[in-house]
Structures are given as C-alpha cells and as structure tokens.
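Below is one structure, written out as structure tokens; the observations come after it.
Both counts, for ligands and for their atoms, begin at 1 and track the order of listing. Each residue takes its place number in the sequence, starting with 1.
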Amino acid sequence: MILTLLVMSCLIEPIIALAYKSTKKITRHMNRSIKGSEPDTEIRILACVHSMRNVMGTISVLHLSNGTNDSPLSVFAIHLIELSKRSTTTMLIVHDDKNNDEGRYNNQSKNETANIIRAFENLEKTNNAVAVQTMSVISPYATMHVDICSLAEDKSVNLIILPFHKEVKGDGRMGNGNSNFSNVNMNVLTNAPCSVAMIVDRGIGSKMFDSQEKFPGNFARQIAMLFIGGPDDREALAYAWRMASHPDVCLTVARFVPGEQATELSHDVSVNRERRIDDEHIEDFKEKLMSNIGINYTEMVVHNGEEIIAAIRSLGEDYFDLYIIGRRHGEISPVTEGLSDWGSCPELGAIGDTLVSSNFALHSSVLVVQHYVSTDAIHEMADGSSTCSLGVGTKHDVQRYDF
Ligand SMILES: *[C@@H]1O[C@H](CO)[C@@H](O)[C@H](O)[C@H]1NC(C)=O
Ligand SMILES: *[C@@H]1O[C@H](CO)[C@@H](O)[C@H](O)[C@H]1NC(C)=O
Ligand SMILES: *[C@@H]1O[C@H](CO)[C@@H](O)[C@H](O)[C@H]1NC(C)=O
Ligand SMILES: *[C@@H]1O[C@H](CO)[C@@H](O)[C@H](O)[C@H]1NC(C)=O
Ligand SMILES: *[C@@H]1O[C@H](CO)[C@@H](O)[C@H](O)[C@H]1NC(C)=O
Ligand SMILES: *[C@@H]1O[C@H](CO)[C@@H](O)[C@H](O)[C@H]1NC(C)=O
C-alpha cells in the first residue's frame, strides 16, 4: 500500500493541534452533529479503528448510515497506532494511491493498515454515495485524542465514531478490554468538537459480511432507538431516523415517559425546557412517521430504572441487531436513577451499561451517541479554535448543552 508521509509535530507535545487551529466562527459548531446538518448535504464522519477487529462493526454502521446521492457520506477512516517508545514524532499519514511509503512504523502495523485501507476502499467501491479517505494517526495513547479532535475540527465532521474498548468473547460476554483504548475514548468524549458515537459490536459487524471481502447481503436489520430525553437522545433519534430510510432497516422507537412519581422529583425550569424540546422532536418525528411504514413507535410509562429494564426487555429479547441510545440523560431523567450502579463503563451511560451487562440482549450491538458538549471556558478562551488545542488534560467544570 502506498502512503504519503506528513510529519506534523515533534516530541510528545501535541503541536499537531496548533497546525489545525481553526479560524472559523463558533456558530459553526451548531452543525457539528447529525441533527444539526442541513437537509440534503453531505454528512462527514471521522471513523476511528485500532485494528482490523474494529473494522467490520464500523463499516456496518457506516453502511446503515444511508449515504445517498442527496446526502452522501464523506468518511475519514483513521487507523490509530501507538507511537513506539523509540520514536518521538507524532504523525498523521494520509494514504492514497499516488505516493510511496517509506515506512516509519513497524511491519505488523503496516500490514494491519493495508488490510484496513482495503476494507474501507471496498465500502467506497460498493456504494456510490460514500467517499472514504484513509489515514493513520501515530501518537502516544495519552495524547491520541488531541489528534483525533484536531482532525475532526479540521475536517468539520458531524460525527466521530469510536470502537468500544472491550470486545465480545465466544460466549457472548464482554472481555476485559484495553484500558488504553478506554482512556482515548473518554478523552475524545470530553473534548470532541462534534457529536460522538461509540460502537459496541456484538455481531453487527460479522452478521453483515460473509467474509472479509464480500459485501452486504440484503436482509432486514432490526434497530431499536430508546428515547428517554435530553440532547444526546435527540441526536441518537436523528441518527436512527436517518438509518430508518435505509431499505434494509426496520426501526422501533420507544419513548419512556416518566410516571407521576418520577416527575414530581423535578420542577426545575431547565428540566421543563428540556422536556418541551424533547416533545417537539418526538412530535416532529411522529408526523413524518405517518408516511414511513418501516418504523414502529411506542410510548411506555416508567417510574424507575427497574421498570425501564423490564420495558426494554418487553420490546424483544435478543431481537434487535442494534440499539441506538443517548449517552447521558443528566438531571432531566429521574427514571434512570439506580441504573448507573449497574456497570462500570461511564462512556456507555446508564442505559448502554445496562444493555451491555444484561442477559437479554447478548447478541445485540449498541451504538451510544453523545451530542457535542460546548464548554463556556473553551468558547471564551479558544475564540472558536479547536477545543483540543487547549492542551491535554484540561478539565472543564462547566458543561453546557447546546441545541
Ligand atoms: C450551519 O447551519 C446553518 C443553519 O442551520 C446554516 O445557515 C449554515 O450555512 C451551516 N453552516 C455550515 C458550515 O454548514
Ligand atoms: C519489513 O518488511 C520488509 C519486507 O517487506 C523487510 O525487508 C524488512 O526487513 C522488514 N522490517 C522490519 C523492521 O521487520
Ligand atoms: C498480513 O495480513 C494478511 C491478511 O490480509 C495475513 O494473511 C498475513 O499473515 C499478514 N502478514 C503479516 C506479516 O502480519
Ligand atoms: C497501555 O499502554 C502502555 C504504554 O504504552 C503499555 O505499557 C500497556 O501495556 C498498555 N496496556 C494495554 C492493556 O495494552
Ligand atoms: C436514505 O436512503 C433512501 C433511499 O435509499 C432515501 O430515500 C432517503 O432520503 C435517505 N435518507 C436520508 C436521511 O438520507
Ligand atoms: C412493528 O411491530 C409489529 C408488531 O410488533 C411487527 O409485526 C412489525 O414487524 C413491526 N415493524 C417494524 C418496522 O419493526
């Protein structure tokens, strides 16, 4: 495979971020989501993989993302490679078929990279409405998120797709996972300048392909979108909605409405405002629903976490190929209280954690969606430049949702 080398920065210092410093206005952030994208425009996605094992799940989700001539997908597929101890140079390598590769990294990852490039090229070949640019990012795990977020900023992507750090084992349970990948994911979730979706692949990848090279058969895929409320759920709904237009997809949307007990807990102004926006989105969705026979919509009243689990279960046990959910429901949903004690992966959120540790959805993959978070601090200090260029490990206390 043929590569161009672009040496972006030296030492551990993530100077790459400076190279990407953006001069564009903050308002541009409004569009950095699936929901905020204009109708009939391109959707830009940065898809990250650590190895070939992440590739099939990622490509399946991209395939379901319904690239069309009116709204094509522009995919930046990134192979994340750890910078070896001996090297000191963080690199971004853009792969194309015109240039030669001098190979600054070891053979094993080069081979892996070649396989990854081939898989993504295949996605492009089999779908006219998908354009793929493959790249490698070589940096230490501690600062990898800086490079990912800077690229996302530079390419004005709507969405970053990340692989969950644990992989499914033979018995359907999740393995222990790689803590380095987990750290990268958490850092991207905190710093992303756009929406983020994390894939827990429990079969959606392998179900899609007969073999590595052969591309999708046409069969129905059952997708469930679980709506509790808040910006992340609205973004997840927008993504699910897009997928529902795909001819292979049957979508079930379930909205969990808090019962009286639960609502009494909160009379906060911002909570009510959130709920109003949720209602508008759902109404909008239901209106368009009438004309789409491929979608089922259901509302269920729930009072607490236990009832949510029972309700999810009642939709179907091991029935869905994919659940699409929001990551955070914040203070707006007392009904998820108690759920967060379940698992140990904050990156999945309460519902995601529950699904992944449940025994009724062992073969269901999960897509956890986070709407981008804008931080006042970043807005003031960075004046519209990359959130990541502020440096590694910067903690922002004030988190504010934007619409
Ligand atoms: C972002 O969206 C707004 C309206 O929602 C639109 O006017 C603007 O042109 C969009 N900007 C970009 C860069 O797509
Ligand atoms: C990498 O592979 C080439 C042949 O493709 C071989 O000549 C070279 O010695 C290998 N380098 C390392 C570091 O293994
Ligand atoms: C490179 O990948 C191919 C799969 O495409 C595999 O068969 C081969 O053994 C790999 N080679 C090395 C050196 O890892
Ligand atoms: C994480 O990265 C560190 C530093 O490169 C390495 O020593 C460690 O083995 C890695 N952990 C895993 C689980 O791969
Ligand atoms: C998805 O694809 C179908 C045709 O395959 C198209 O009619 C529909 O508009 C697309 N939806 C979106 C949101 O792009
Ligand atoms: C909607 O639900 C009905 C009854 O559960 C089911 O038969 C049908 O296949 C569902 N449709 C979709 C698109 O999921």
Between Ile295, Leu322, Asn66, Ile223, which is the residue that forms a side chain to side chain contact (heavy atoms under 4.5 Å, CB included) with Val249?
Ile223
Taking the ring centre of each residue, are His246 and His63 less than 6.0 Å apart?
yes
Only residue of His371, Lys35, Glu235, Gln370 satisfying side-chain hydrogen bond (donor to acceptor under 3.5 Å, both in side chains) with Ser195 is Glu235
Evaluate salt bridge (charged side-chain N to carboxylate O under 4.0 Å, His left out) for Glu274 paired with Arg276, printing each intermediate quantity in order.
CA-CA 5 Å; Glu274 279 290 316; Arg276 234 181 6 257; over 6 Å; no
Those residues at least two apart in sequence (or on a different chain) that pass ring-ring contact (aromatic ring centres under 6.0 Å, His included) with His281 are none
If you apply the rule salt bridge (charged side-chain N to carboxylate O under 4.0 Å, His left out), what do you find for Arg327 with Glu347, and how did you get there?
CA-CA 7 Å; Arg327 177 171 172 240; Glu347 59 266 55; over 6 Å; no
Starting from the N and O atoms of ligand 4, find every protein N or O within less than 3.5 Å and list the pair with its distance.
residue  : atom   : partner : partner atom : Å
ligand 4 : 2 (O)  : Asn180  : OD1          : 3.1
ligand 4 : 2 (O)  : Asn180  : ND2          : 2.4
ligand 4 : 5 (O)  : Glu82   : OE2          : 2.4
ligand 4 : 5 (O)  : Lys85   : NZ           : 3.4
ligand 4 : 11 (N) : Asn180  : ND2          : 2.8
ligand 4 : 14 (O) : Asn178  : ND2          : 3.3
ligand 4 : 14 (O) : Asn180  : ND2          : 3.4

